[in-house]
Amino acid sequence: MEIVRPGYLPDPALDADAMEAMQRDIAADATFADDHGLTPDAVAIDEPIEETDPAQTTFDGDRPIVVGVDQAFREEEAVSVAVAIRGGRVIERAVGHAPLEIPYIPGLLAFREGGAIADALETLTVAPDLLVLDGSGRIHYREAGIATHVGVLFDVPTVGVAKNLLCGTPVESVSDRYLDAGERVAIEADDDVETCANGTTIGHFYQSRQYDTPDRRHVNPLVVSPGHRVATGTATDLVGAVCAGYKLPEPTRIADAAVGEQARE
DNA sequence: GCGACAG
DNA sequence: ATCTTGTCGC
């Protein structure tokens with residue numbers, strides 16, 4: 001796929017102020033409303049995907065292409081793998097690389113990993129209808145997490161799926177209550193989110209999977225937020241549709257496994 | 001100064 | 001994210 005806004009290529013050489021300034025611009029260009037033709041039913045993945053390698057499919061040509069992206073790290077480079085899925089099957093896999101130039105800094109993740117992601121996505125030949133990124137989208141200090149950054153860079157619908165909350169406040173404490181599979185709890189902007197009014201819903205805790213027994217053990221919910229061209233509620237609906245029994249969405253699960261192998265080679 | 005902090 | 005085998009619990 002092709003980069004639509006080259007000016008937003010995440011350059012690790014920028015100083016922190018320039019990075020933050022770029023994020024404000026990105027947030028201003030981002031659309032946190034539905035601008036796509038997707039429905040949960042259309043993207044639904046009912047069974048866990050087992051084949052990590054691309055397979056040829058004559059069917060499903062009419063179904064949306066959902067791409068999962070994940071990174072792994074080696075000594076001095078980040079490796080990114082983008083896995084394209086259509087109709088519950090892997091149809092293409094692309095790899096990207098970029099030297100690791102800056103450390104991980106909360107809020108500036110895209111400038112550490114974005115180069116490798118862009119490299120992988122530029123190699124992808126199919127046109128994705130939705131990208132699922134590891135990390136936050138709108139749940140970010142400047143509403144420009146990695147999912148939003150990549151979405152605006154390529155002008156493609158994206159959602160962010162994180163395992164931990166970066167910022168924002170859930171409307172209900174999730175740490176003490178047991179959430180059933182399928183439940184969600186809205187996350188609102190607070191003082192840490194500098195670019196929008198407090199109380200704005202910027203994402204959800206989403207319980208993609210849960211243990212049957214309401215015992216002492218529970219699965220931690222995912223943190224879902226819109227990246228670009230997707231509304232908050234829709235982002236969670238779509239993520240729910242691409243989960244197939246595991247905690248993580250199938251696209252990220254497969255990308256996770258694929259990048260793991262790719263990184264140690 | 002202290003605490004918080006995606007991957 | 002990453003260093004890493006077995007192990008506790010459903």
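We use all heavy atoms of the structure for the numbers below, so side chains are in, but hydrogens, waters and symmetry mates are not. A quick note: this is a predicted structure, and the numbers were derived from the prediction, not measured.
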Using whole Å, what does the distance between atom [atom2] of nucleotide [N] and atom [atom1] of [X] come to?
X      : N     : atom1 : atom2 : result
A/Y211 : C/dG9 : OH    : P     : 13 Å
A/D134 : B/dA6 : CG    : P     : 13 Å
A/I117 : B/dG7 : CD1   : C1'   : 10 Å
A/L108 : C/dA1 : CG    : P     : 19 Å
A/H140 : B/dA6 : NE2   : P     : 11 Å
A/D70  : C/dA1 : CG    : C1'   : 9 Å
A/E101 : B/dG7 : CD    : P     : 22 Å
A/L165 : B/dC5 : CG    : C1'   : 10 Å

- line: A correct dot-bracket answer for DNA chain B, with pairs being Watson-Crick or G-U at under 3.5 Å, [ ] for crossing pairs and | for inter-strand pairs, is .......
query: Are A/L131 and A/I117 joined in one hydrophobic group, where the rule is that I, L, V, M, F, W and Y side chains link up if heavy atoms are under 4.5 Å apart?
result: yes
field: ILVMFWY network linking A/V185 to A/Y178, side-chain heavy atoms under 4.5 angstrom
entry: no
Do the side chain of [X] and the main chain of [Y] share a donor and acceptor less than 3.5 angstrom apart?
X      : Y      : answer
A/R5   : A/V152 : yes
A/E250 : A/I45  : no
A/R138 : A/I202 : no
A/R74  : A/E265 : yes

- line: Taking pairs as Watson-Crick (N1-N3 plus N6-O4 or O6-N4) or G-U wobble (N1-O2 and O6-N3), each distance under 3.5 Å, the stems of three or more consecutive pairs with DNA chain C are none
message: Taking only side-chain N and O atoms of A/N164, does any of them lie within less than 4.0 angstrom of OP1 or OP2 on B/dC5?
response: no
Looking for any heavy atom pair under 4.0 Å, which part of the strands does [X] touch: base, sugar-phosphate only, or nothing?
X      : value
A/I139 : nothing
A/G107 : base
A/Y141 : base

task: Report yes if the side chains of A/L153 and A/P10 come closer than 4.5 Å at any heavy-atom pair, otherwise no.
output: yes
- request: Would you check if A/T125 and A/E92 make a side-chain contact, meaning some heavy-atom pair closer than 4.5 Å?
  value: yes
query: Will you find, in the side chains of A/E188 and A/T169, an N or O donor that is under 3.5 Å from an N or O acceptor?
result: no
query: Given the side-chain rings of A/H228 and A/F154, with only the six-membered ring counted for Trp, is the space between their centroids under 6.0 Å?
result: no
message: Just to verify, what does A/E172 make a salt bridge (charged side-chain N to carboxylate O under 4.0 Å, His left out) with, not counting sequence neighbours?
response: A/R177
Stretch residues 224-259 of chain A: residues that reach within less than 4.0 Å of DNA chain B through a heavy atom: none
All N/O pairs under 3.5 Å across the protein-nucleotides 2-4 of chain C interface:
none

- prompt: Could you give all pairs that pass the side chain to side chain donor-acceptor pair (under 3.5 Å) test and reach residues 15-29 of chain A, with sequence neighbours left out?
  reply: A/Y8-A/D29, A/Q23-A/R142, A/R24-A/E194
Atom pair CG/OG1 of A/D190 and A/T200 - distance to nearest 0.5 Å: 10.5 Å
- prompt: Is A/D129 salt-bridged to A/R63, going by a charged N under 4.0 Å from an acidic O?
  reply: no
